[in-house]
Amino acid sequence: MSPHPLDSLSAEEIAATSGLLARERGIDSGWRYASIILREPPKAEVLAWREGDPIVRRSFAVLWNKASNEVYEAIVDLTGGAVESWEHRPGVTPNFTVDEYHDCDVALRAHPGVRAALGARGVDPDLVLFDLWTYGHEVMPPQWRDRRLGWVDIWKRSAVGGNPYAHPVSGLKVIVDVNRMEVLQIDESHDRGFPEVDAEYTPELRGEPERTDLKPLDIVQPEGVSFALAGSLLRWQDWEFRIGFNYREGPVLYQVRFRDGDEYRDIAYRMSLAEMIVPYRDSSFDHYRRTAFDIGEWGLGYMCTSLELGCDCLGEITYLDGVLPDTAGRPRVTKNAVCLHEEDDAVLWKHVDPDAGTEVRRMRRFVVSVHATVANYEYLVYWRFYPDGNIECEIRATGIMVSTPMEEEAATFPTGTVIDRRSYAPYHQHFLVARLDLDVDGANNTVVESDSMAAPIGEANPLGLDLHARGTVIASEAEAGRDYRWETQRSWKVQNPNRLNAWGAPTAYKLVPSASFPAMFDESSPILRRNPVIGSTLWVTRQHDLEMWPAGDYPTQSKDDLGNGMSAWISDDENLVDTDVVLWYVFGIHHITRAEDWPIMPVDTVAFTLKPFGFFDRNPSLDAPRSPSKHGGGSCCAGGECRCEH
């Protein structure tokens, strides 16, 4: 196991960062750390680095003074043991933290005004969940826009251990200065009481036994796994890549390559989820504040949970721990945060020939996964690698929908679905933004938009059968925002114009879009101004090392992304032809809520795929092994007569 410039920060490096800042900048308990992350070396330096070369390790910290609310960024030279830079960032608000969420719960539970407001509604404070949310600038009370401001949803359980989101305390919000944990206002609008809903989901509280007609299903690999992990470097079949982990993105995949003969060929330099934006499409008192930037405002890595064998992962599993800072700058370890394993995925390829017999190969895929609990929702993230060169990113959403009492019983509600007695679940959207720094056979690439269309009927096409594909080069950042078109089955290819395959075409990988949907906001909407990235399906930008967060470095309490988000990045209209490009793919769940999603939601699954398109000269999985027969004696997919006795 040898060190690499992209290895994530260790616990020792996190502690060294806060120790140096305490010594050189006097950072004490009056400060909080929003984050400490690896300061990744410039891409050009990493690509030029070779094993054995020296490595200078740097960390990047964001912290703020609780008394003054001043925000600072620090770069720490961990190799040299010194603070390299210390910069004040006026007018921004860093991400909220897990510690603050907990501290807010403690403060409100003891606050006499909050207890009195709950008592007036007959609510036992011991059964309450205080759910801290961040604000967007436009919905913040103007008099407190200079504060680190939070608003708090209140929910109550029916009993100890019951569904914490069963009963919303409708029409009651608490506005909090999170630095001081000071209640600024108890905001009351209405009291719709607590409908008698069927909200419990555990068998003990439902009084509903688990079914007993399922036999055990085990995944076993008696000879061990087929992958190897050395430090951050993972190798499986022809794949090679590095795995990182940080507070904001969770898992990051670096330097993804595929072995083609004797050559390891570049596919991607860096892939991750860069933002997740969840606007609730309901302007009522209970929901108008409710737009979450879960990655930028909280951090996906901070919310990743420990995974359990047999529950979250099944088979022969290798786990990686998540090492992150707490708000005091101390390292905090989430055990088994990342799951690595192989799994069967049905048939890879097959053909039945009446003369030569059957040839069939089974698909096996390699999976990198994490599970993140984001208040009432769980997001399950899977990066999958396939022997045919495909890469898939799949997101599964589960958890508990936000429910809302209605004034009266009704079968429908204009901005949601009726899911229980006098209760509706508001419509909302989950926008995910994948950051895909693809380097197809090297960094100099061109993105081509591909549309399919029927050729007109004419002399050369009398039956109207001809189908054509038209390619449009995305030439500069003025053309960066692209929309999916169902009627032309639009997709996007990242080509290397400097390398041709055996048939004379540029080698390429294709982004196969799915789970894409329009934002459905008016152009003047504050939500769209705050994060214009969700206004298109795909964005293409010139690669710059510090362009990481498409809704801006600091989306918490933001008004717009101007200065350091997508709007700023494309404003200089840089060239995108034969250069280093980054794709930002916007996808997710347009959640028109269902009664079947209540009281706990079965997973809703969305995904996109990166597929080789002329990257190889032919099917790269022709060497897949025949599967041994489970009925004894060789393989039943070896050609000739079938020996499976079917």
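This is a predicted model, so every value here is computed, not measured.
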**Student:** Do D561 and S567 pair up side chain to side chain, a donor and an acceptor below 3.5 Å, judged on atom types alone?
**Tutor:** yes

**Student:** Could you label the plane-to-plane angle of the H591 and H430 rings as parallel, tilted or perpendicular, counting under 30° as parallel and over 60° as perpendicular?
**Tutor:** tilted

**Student:** Taking atom types as modelled, is there a side-chain donor on D286 or T404 under 3.5 Å from an acceptor on the other?
**Tutor:** no

**Student:** Do T507 and N496 meet the criterion of a side-chain donor-acceptor pair at a distance under 3.5 Å?
**Tutor:** no

**Student:** Any chance you could measure R242, atom CZ, to Y269, atom OH, to the nearest 0.5 Å?
**Tutor:** 11.0 Å

**Student:** Is it the case that over 12 heavy atoms from other parts of the model lie below 6.0 angstrom from the CD atom of E263?
**Tutor:** yes

**Student:** How about F616 and F258: are their ring centroids closer than 6.0 Å?
**Tutor:** yes

**Student:** When you check the side-chain N and O atoms of Y484 and Q489, is any donor under 3.5 Å from an acceptor?
**Tutor:** yes

**Student:** For F366 and F227, take the angle between the two ring planes, folded into 0 to 90°, and tell me which bin it lands in: parallel under 30, tilted 30 to 60, perpendicular over 60.
**Tutor:** perpendicular

**Student:** Might you point out which heavy atoms bring Q495 and A508 nearest each other, and give the distance in Å?
**Tutor:** CG-CB, 3.8 Å

**Student:** Output the distance between atom CG (N445) and atom CZ (R499), rounded to the nearest 0.5 Å.
**Tutor:** 12.0 Å

**Student:** Verify whether one side chain among R364 and S226 offers a donor that lies under 3.5 Å from an acceptor in the other.
**Tutor:** yes

**Student:** Looking at F613, I'd like to know if its CZ atom is crowded, meaning that more than 12 non-hydrogen atoms belonging to other residues, nucleotides or ligands lie closer than 6.0 Å.
**Tutor:** no

